[in-house]
Number of protein chains: 2
Amino acid sequence: MARTAGSDAATTGPRIRAAAQRLFARHGYAAVSMRQIAAEVGVQAGALYNYTPDKQSLLFEMMRAHLEELLASWEAEDEGADPRAALRAFCHFHIRFHLARPEAVFIAYMELRNLEPGNFEVIEGLRKRYETALEDILRAGKAEGVFTLVDTKLAALAVIAMLTGVTTWYREEGRLSRERVAEIYWDMVRRAVGA
Amino acid sequence: MARTAGSDAATTGPRIRAAAQRLFARHGYAAVSMRQIAAEVGVQAGALYNYTPDKQSLLFEMMRAHLEELLASWEAEDEGADPRAALRAFCHFHIRFHLARPEAVFIAYMELRNLEPGNFEVIEGLRKRYETALEDILRAGKAEGVFTLVDTKLAALAVIAMLTGVTTWYREEGRLSRERVAEIYWDMVRRAVGA
DNA sequence: GTCTATACTAAGATAGAC
DNA sequence: GTCTATCTTAGTATAGAC
């Protein structure tokens with residue numbers, strides 16, 4: 001018998017990507033073997049190569065999909081309203097989006113150095129576009145006089161670092177809901193930028 | 001000839017630790033081999049085992065040394081002054097200390113998952129002690145009414161995430177000095193906590 | 001599309017000579 | 001204290017059968 005009972009080509013691809021994401025997030029890209037991924041899916045290692053040319057592509061495509069979804073989601077949500085409302089929306093969006101996919105977020109931040117140079121450039125470009133979206137809000141608010149900012153660029157970096165930090169400690173069973181955490185962080189961001 | 005010209009037991013140990021730190025920071029613990037470390041030092045792989053029982057100990061001791069130095073340095077610097085002065089000192093200290101040792105910082109944040117369980121507990125305990133140091137300052141300031149904080153714990157986590165973020169983008173050749181960056185961040189932190 | 005089998009490379013760690 | 005040589009295990013990726 002050449003096929004395992006229940007195997008199904010239509011679902012194997014997604015299952016491989018899901019298993020790779022789970023394992024990369026938990027143990028790190030370099031520490032995970034193709035054999036481990038295959039075992040999680042329930043196939044032999046060789047079968048993975050029907051779905052990906054190599055291990056590197058598995059990482060790269062996963063990171064690209066994540067960042068493209070991040071950008072598209074924010075662009076869909078951004079109403080270009082006044083800077084204060086836009087910044088509040090950004091804070092809530094960023095925390096909500098990141099807490100909803102902890103594995104993809106973790107990988108996007110931790111595995112940059114395991115990307116081959118060409119792939120790194122692509123991912124870095126996407127990340128910068130997101131940074132710029134926040135910077136644009138801050139710059140507009142500064143220009144309108146509703147934010148008090150010493151340095152717009154640094155403020156954007158500081159806000160993103162602060163908000164992303166939530167993913168390192170937030171637990172579903174904890175004392176605060178996601179919504180409550182977002183409100184508390186928005187309050188700190190609001191004051192940090194003088195709004 | 002069993003010895004390479006210039007080999008010297010008194011310096012090999014430190015050189016191994018330095019090479020391991022440089023390589024772990026650049027490529028990640030899992031991606032670095034004992035042979036690579038040995039090559040950097042200029043010895044054969046087997047010789048490393050005169051200085052470390054295994055690869056894991058190399059990582060663990062490096063992280064422990066880093067965090068113990070972080071704690072000791074802050075404890076030496078903390079004057080227990082009024083909360084506002086203490087928070088300002090903390091911001092400057094944190095940025096100065098972290099920017100001075102980017103490799104150790106990077107490893108301390110990225111390689112937690114590559115620690116064996118027992119080692120992880122030790123490192124996590126040290127990290128928590130540092131977090132608590134900041135929390136104590138914030139709590140004191142809140143009690144005295146000089147800080148306005150919705151949630152002391154979250155504020156501590158937010159401040160550390162924000163300050164540590166500097167290490168991901170700061171470049172020596174950039175437009176701002178370390179001192180200037182620390183001042184700008186302190187200004188944002190100060191406002192975020194309502195001081 | 002998946003299997004088994006395997007080519008090839010490299011990993012961590014140890015033994016014994018010098 | 002370091003070397004060379006080696007044990008054992010495991011990695012990525014491919015070939016050919018079914």
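In what follows, every chain begins at residue 1, and chains take the letters A, B, ... in the order their sequences are listed.
Straight-line distance from the CG atom of L58(A) to the P atom of dA13(D): 10 Å, rounded to whole Å. At whole-Å resolution of the value, CZ in R15(B) and P in dG1(D) are 15 Å apart. Separating the OH atom of Y49(A) from the C1' atom of dT6(C) is a distance of 14 Å, rounded to the nearest angstrom. Spacing between atom NZ of K55(B) and atom P of dT9(D) amounts to 19 Å, rounded to whole angstrom units. Look at CG on L48(A): it is 11 Å from C1' on dT12(D), rounded to the nearest Å. Separating the CG atom of D54(B) from the C1' atom of dG12(C) is a distance of 9 Å, rounded to the nearest angstrom. One can place CG of N114(B) at 16 Å from P of dA11(C), the figure rounded to the nearest angstrom. Q56(A) has its CD atom 15 Å from the C1' atom of dA13(D), to the nearest Å.
Heavy-atom distances to DNA chain D give each of N50(B) and A45(A) a nearest nucleotide, and the one nearer the 5′ end belongs to N50(B).
An OP1 or OP2 oxygen of dA10(D) is reached within less than 4.0 angstrom by no side-chain nitrogen or oxygen of S33(A). At dT4(C), one or more side-chain N or O atoms of Q44(A) fall inside 4.0 Å of OP1 or OP2 (strictly under the cut-off). Using a 4.0 Å cut-off, some side-chain N or O of T12(B) falls inside it from OP1 or OP2 of dT2(D).
Comment: K142(A) does not engage D151(A) in a salt bridge, judged by the lack of any side-chain N to carboxylate O separation of less than 4.0 angstrom. Between E124(A) and R127(A) there is a salt bridge, since at least one side-chain N of the basic residue sits less than 4.0 Å from a carboxylate O of the acidic one.
Not a single donor-acceptor pair under 3.5 Å links the side chain of R129(A) to the backbone N or O of G125(A). Between the side chain of R35(B) and the backbone N or O of A45(B) there is no donor-acceptor pair closer than 3.5 Å. For R178(A) (side chain) and R96(A) (main-chain N/O), no donor-acceptor pair under 3.5 Å exists by modelled atom type. No donor-acceptor distance shorter than 3.5 angstrom exists from the side chain of R64(A) to the backbone of N119(A), with no hydrogens or angles considered.
At a threshold of 4.0 angstrom between heavy atoms, the contacts of V41(A) with the nucleic acid are absent.
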I'd like a table of atom pairs between the protein and nucleotides 6-8 of chain D - only N or O on both sides, under 3.5 Å - with the distance next to each one.
none

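With sequence neighbours excluded, no residue forms a ring-ring contact (aromatic ring centres under 6.0 Å, His included) with W186(B).
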